[in-house]
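Only heavy atoms go into these numbers, but all of them, side chains included; no hydrogens, no water, no symmetry mates. Model, not experiment: these values are computed from the prediction.
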Amino acid sequence: MSIFLVFCKKYRAGIFYLTVFFISLIMLTGYKNQGTGVYANADSLVLNPFVEPGFPFISTSLDARKLGAHFPDDNISARSLALQLGDSTYACFDTDLLRWSVGWTGKFLPMVLMAQISYKDFFNKNNKVTTVTGDPKIATGLYAGWSDGKPDFVDPREEPEIAHEIKWGAMPAEKGRWNGVYTIGTKVVLSYSVGNATIYELPESMHFRDEAVFVRKFQVENAQNGLFLTAAEVRNASRSEVRGKIAYLYQGGDKDTVTALAIVGKGGLDMQPEILQNRYMTVRLAASVKKGEATVLIWKGPANKLSGFEKLCKIKPAAFPDFKRGGQAHWGQTVSTTGEIAPDTAAFVTDKLTLPLNNPWKRNVRVADISFYKNGRAAAVTFEGDVWMIDGIDQGLKNIRWKRFASGLHEPMSIEVVRDSIYVFGREGIVRLHDLNGDGETDFYENFSNVMVQSPESREWAADMVHAPDGGFYVAKGGTQSNGPGVTSQVTKGFRAGSRHNGTILKISPDGRKFEVIATGLRGPYIGIHPDKGTLTASDQQGNFVPSTPIYLIKKGDYYGVPASAHRKDNPAIAPPLTWIPHRADRSSISQVWVTGNKMGPLNENLIHFSFAHPGLFRVLIDSAAQIKQGGVSFIQADYPAPTSKGAMDPVDGQLYIAGFNLWGSSSKGISALLRLRYTGKPMYLPNQFQAAKQGIVLGFDTEIDGSELRASDFAVKRWNYQRTEEYGSGHFRLDGTSGEEQLEVVGAYLSDDRKRIVLLVPDMQEVMQMEVAYNMKAADGKKINDRFWFTVNNLSELKTGDNGFSKIDLTLLEKKKDKTEAKPDEVVAASSEKGKEIFQKMACAGCHSAGLVTKGMYGPPFQNLYQSERHFEDGSKTVADENYIRESILTPSAKIVKGYNEEMPSFVGILTDSDIESVILYIKSLKK
């Protein structure tokens with residue numbers, strides 16, 4: 001309630017509006033970031049619908065397999081343009097197969113995909129499969145819309161890995177290739193090639209006597225072999241005929257419904273309609289090397305209105321537009337905002353670049369990624385599918401200028417500026433944006449690359465893209481998790497079949513026409529790359545087969561442990577991560593960025609890992625002494641008002657800019673933010689180097705440490721392993737396999753001569769998946785340092801004290817403790833509701849469960865009134881939430897999944913003691929009202 005009061009105090013003029021829209025505004029205060037100038041007034045929070053009437057297309061997937069008896073039942077597409085043709089007439093163009101998958105009238109598509117359904121309802125993850133809810137008129141099945149030389153009604157794409165699954169991906173480029181879409185006002189021109197021919201298509205609509213007619217205008221060049229267009233498929237037709245330039249397919253026992261196709265006008269192309277197999281309406285285009293034009297009309301309606309259609313066919317079509325010079329602007333205005341500069345309270349602070357929510361189009365702005373031009377201008381992409389240009393990013397951030405540049409993209413989450421060209425990675429592939437007339441908006445959305453295979457599965461994200469030093473790109477694709485609705489079969493627990501590229505990292509060639517598989521076996525990968533050295537890293541999402549958050553150094557041919565996305569049959573070994581990160585530190589990881597340049601002080605040339613859930617940034621260190629690469633992380637404390645997803649270095653000011661938006665569950669409830677991580681010059685107190693040695697642990701720091709009171713008791717060291725299983729996440733396990741964590745004794749702590757490195761002597765160091773060092777000490781300047789460092793031990797090296805500047809280390813202390821390395825028993829603390837509340841916060845339970853009744857933005861059910869309530873589960877069973885149920889839910893959360901929720905909670909076996917669990921139970925009991 002306090003958030004609401006603060007908001008009302010700031011905007012007294014909007015009290016009435018705020019009252020009406022209380023719930024939505026509470027969610028949107030995350031945009032405000034408590035800064036100045038974020039909203040000019042309260043009505044800036046009103047959002048128009050996802051689909052904008054003045055823009056001609058959106059990108060989507062579509063399941064049209066149940067249109068009706070006379071339509072094909074194999075009609076589904078992963079990558080389509082949904083086109084607004086005017087007067088409630090629409091079509092979907094399948095860019096993989098170059099076909100009109102469906103044309104319809106009435107209602108436009110329902111906005112049920114992830115970006116659409118969460119557009120106004122910001123935490124709504126209940127996406128669905130898009131279907132046609134209007135009145136379907138024409139459709140085609142799973143085969144190419146065009147063929148070279150002869151008609152072909154067989155899907156030309158590669159067979160799926162799993163028998164009887166649907167084929168996904170683009171058709172072979174030599175048969176046909178999608179080139180992109182031009183916008184000209186409220187219309188589009190589709191560009192594609194078939195064989196050697198280049199085809200431009202202008203989709204439109206016409207009407208007669210309240211009947212909608214679909215218009216396909218073509219401009220064709222170099223059709224050397226002759227082409228065939230399949231315009232519609234009508235199953236169970238009762239009669240067909242062709243009369244001159246019009247073909248007819250009748251349906252129904254009384255032949256009272258007809259689908260008609262006509263070639264109209266004279267544009268230099270020899271085209272003839274045909275009916276094949278009493279089913280397929282095709283158009284034969286005679287071979288010609290000349291450029292010509294033609295218009296095809298398609299209509300379905302009552303046979304008694306056929307004369308009206310035939311009369312319409314006598315019109316003279318308008319000439320094809322001059323589309324290559326660019327169209328008129330859709331969004332002429334520039335939106336200005338004022339940022340908020342953080343006080344210099346630490347080495348690194350986050351300045352806030354105010355988002356342009358108060359824009360003339362009332363458009364949501366959930367920033368997913370940002371990239372920079374060499375002059376400091378930026379381009380940002382939003383989950384809505386928009387691209388914004390950003391000027392005025394300077395030291396003071398007093399006049400940030402935002403200009404819309406593109407729209408209609410399919411859930412993009414990555415953007416790269418390369419040699420002043422903008423590339424965006426979405427489900428449609430990599431799109432290169434072209435402003436043809438210099439008006440500051442995209443006129444041509446070029447298909448730079450669609451060689452990565454894509455299915456419509458909601459979690460098969462176009463997750464990440466980075467530019468490689470050789471001019472190509474690396475892309476990461478989400479694994480086909482079975483959360484939510486799907487169109488492919490279940491293959492393992494937690495996963496559907498998806499496409500052959502789900503859960504992979506691919507290398508895209510500099511021309512965009514080829515790919516190579518770099519790594520497989522990932523659940524939800526996001527990547528980072530050093531722009532000069534080409535070092536490629538990735539994270540993965542904790543879940544089924546992924547026991548905790550990993551960070552990987554990616555090598556070609558590596559497999560990372562998820563069977564459903566292995567895409568190989570040679571039973572490869574699982575490559576180890578650089579480091580694991582425990583659930584309580586980062587339960588949902590995302591991308592990485594290398595800090596380049598020399599303006600970020602202690603973070604120069606460091607790898608930075610982004611946490612969506614924490615949220616925030618981690619500094620990643622690599623143990624250079626180990627023979628097998630291993631690393632560790634520590635958290636960079638700063639103000640992160642929304643999830644942190646992607647980032648980029650500004651080449652002008654040398655600072656790191658951070659983009660992110662909320663949806664999938666984060667400890668932050670802010671919706672979106674664009675931040676600048678700025679170096680202030682103040683001291684930093686994080687580790688800057690580490691070594692896992694046989695004799696113990698070396699930690700280096702950015703600042704000098706006060707050695708006058710340094711004691712071994714200032715440090716607490718723990719270790720544990722994870723278990724990789726089909727279950728979601730993992731508990732913690734000692735090295736002998738029993739549940740729990742091992743407490744290791746630190747028998748000595750020594751400071752180096754330069755006072756910046758510490759050696760911790762730890763007996764019985766062994767290779768282990770996770771170690772944690774907690775420390776409580778003072779810096780030389782008096783600053784208290786109370787923090788943690790997490791790392792993985794893949795290999796133990798020898799401690800060379802002389803090389804590290806340690807003059808006096810008593811290694812005999814290790815021998816004295818050699819026979820006393822048994823794990824310390826956990827201290828038993830009496831169970832209490834207060835302790836349960838503390839665990840609820842410490843273990844990040846609050847990020848997924850509300851202590852009250854809130855469900856929006858939460859992965860798990862709320863806790864208030866949970867105790868003794870009747871719980872209904874996904875398998876149809878039910879029970880009463882007593883102590884045993886709560887205990888089972890903590891230790892074996894997959895045993896019973898509450899109806900309406902997914903399996904997204906790891907086991908706390910070995911993490912929480914019996915006393916801890918009893919405390920959580922007491923806390924949940926206390927929430928019963």
Side-chain angles (χ1 to χ4, degrees), residues 48-77 80-94 99-113 115-117 119-120 127-141 145 185-188 190 201-217 231-237 249-252 256-262 281 296-306 308-309 312 408 410 456 485:
N48 275 339
F50 184 90
V51 176
E52 298 181 287
F55 193 74
F57 75 90
I58 65 169
S59 301
T60 186
S61 56
L62 181 67
D63 188 350
R65 292 177 292 182
K66 297 180 180 180
L67 296 179
H70 295 285
F71 294 98
D73 59 6
D74 60 347
N75 186 5
I76 187 169
S77 57
S80 290
L81 294 183
L83 307 172
Q84 302 189 70
L85 305 182
D87 295 324
S88 300
T89 307
Y90 315 98
C92 261
F93 185 81
D94 180 345
R99 67 187 180 102
W100 276 39
S101 60
V102 61
W104 74 100
T105 60
K107 296 180 180 180
F108 193 52
L109 297 176
M111 296 295 101
V112 294
L113 297 181
Q116 300 164 354
I117 203 165
Y119 178 72
K120 292 184 178 182
N127 61 295
K128 300 177 182 178
V129 178
T130 304
T131 57
V132 175
T133 55
D135 184 11
K137 298 294 185 179
I138 59 173
T140 59
T186 58
K187 299 180 180 181
V188 300
L190 311 175
E201 176 180 351
L202 174 64
E204 295 179 307
S205 69
M206 301 174 68
H207 286 76
F208 72 93
R209 295 166 55 186
D210 296 325
E211 292 290 310
V213 178
F214 298 95
V215 182
R216 301 182 67 174
K217 290 183 178 179
E233 177 182 348
V234 179
R235 297 193 175 183
N236 304 312
L249 268 173
Y250 294 88
Q251 300 118 63
D256 54 358
T257 301
V258 62
T259 301
L261 180 152
M281 306 192 79
V296 175
L297 305 184
I298 313 170
W299 167 72
K300 177 185 177 181
N304 61 15
K305 292 186 178 182
L306 188 55
F309 175 74
L312 186 71
H410 195 178

Would you sort out whether His207 and Thr105 count as a side chain to side chain contact (heavy atoms under 4.5 Å, CB included), showing the intermediate values?
CA-CA 11 Å; His207 286 76; Thr105 60; 6.0 Å; no
Are the side chains of Ser80 and Thr60 in contact, using a 4.5 Å heavy-atom criterion?
yes
Got a donor-acceptor contact below 3.5 angstrom from the Ser101 side chain to the Asp94 backbone?
no
Among Thr89, Leu190, Leu81, the one residue meeting side chain to side chain contact (heavy atoms under 4.5 Å, CB included) with Pro203:
Leu190
Side-chain heavy-atom pair Lys128, Asp63 within 4.5 angstrom cut-off:
no
Closest contact, heavy atoms only, Lys120 versus Asn48
CE-O, 3.5 Å
Determine whether Val296 and Met281 make a side-chain contact, defined as any pair of heavy atoms from C-beta on separated by less than 4.5 Å.
no
Separation between CG (Leu202) and CZ (Arg216), nearest 0.5 Å, reads 11.5 Å
What donor-acceptor contacts under 3.5 angstrom involve side-chain atoms of residues 129-138, with partners at least two apart or in another chain?
residue, atom, partner, partner atom, Å
Asp135, OD2, Lys137, NZ, 3.1

For a quick test of reading the model, state the closest non-hydrogen atom pair linking Pro302 to Glu211 and the distance between them.
CD-OE1, 3.8 Å
Is the shortest side-chain heavy-atom distance between Pro485 and Asn127 below 4.5 Å?
yes
Could you tell me if the side chain of Trp104 sits less than 4.5 Å from the side chain of Cys92, heavy atoms only?
yes
CD of Glu233 to CG of Leu249: how many Å apart, nearest 0.5 Å?
10.5 Å
All heavy atoms of Gln251 vs all of Val258, minimum pair found to be NE2-C, 4.0 Å
Checking Arg99 side chain against Gly141 main chain: does a donor-acceptor pair fall under 3.5 Å?
yes
Going by heavy atoms in the side chains, are Leu312 and Val213 under 4.5 Å from each other?
yes
How long is the span from the OG1 atom in Thr257 to the CG atom in Leu306, to the nearest 0.5 Å?
11.5 Å
To the nearest 0.5 Å, atom OH of Tyr90 lies from atom CG of Leu83 at 12.0 Å
Could you tell me the separation between the CG atom of Leu261 and the CZ atom of Phe214, rounded to the nearest 0.5 Å?
12.5 Å
Exercise: do Thr186 and Gln84 side chains pair donor with acceptor under 3.5 Å:
no
Check for a donor-acceptor pair, side chain of Asn236 on one end and backbone N or O of His70 on the other, with a separation under 3.5 Å.
no
Scanning both residues in full, the closest heavy-atom pair of Ser59 with His410 reads CB-CB, 3.4 Å
What's the spacing between Phe309 CZ and Arg209 CZ if we round to 0.5 Å?
13.0 Å
Within 6.0 Å of CG in Asp210, more than 12 heavy atoms from elsewhere
no
Is the ring pair Phe55/Phe57 parallel, tilted or perpendicular, if the boundaries are 30 and 60 degrees?
tilted
Not counting sequence neighbours, which residues clear salt bridge (Lys or Arg N to Asp or Glu O under 4.0 Å) with Lys300? List them please.
none
State, to 0.1 Å, how close Trp299 and Ala212 come at their nearest heavy-atom pair, and which atoms those are.
CD1-O, 3.2 Å
Do the ring planes of Tyr119 and Phe50 sit parallel (below 30°), tilted (30 to 60°) or perpendicular (above 60°)?
perpendicular
Report yes if the side chains of Asp73 and Arg235 come closer than 4.5 Å at any heavy-atom pair, otherwise no.
yes
Can you name the nearest heavy-atom pair linking Ser61 to Pro456, along with the distance?
CB-CB, 3.8 Å
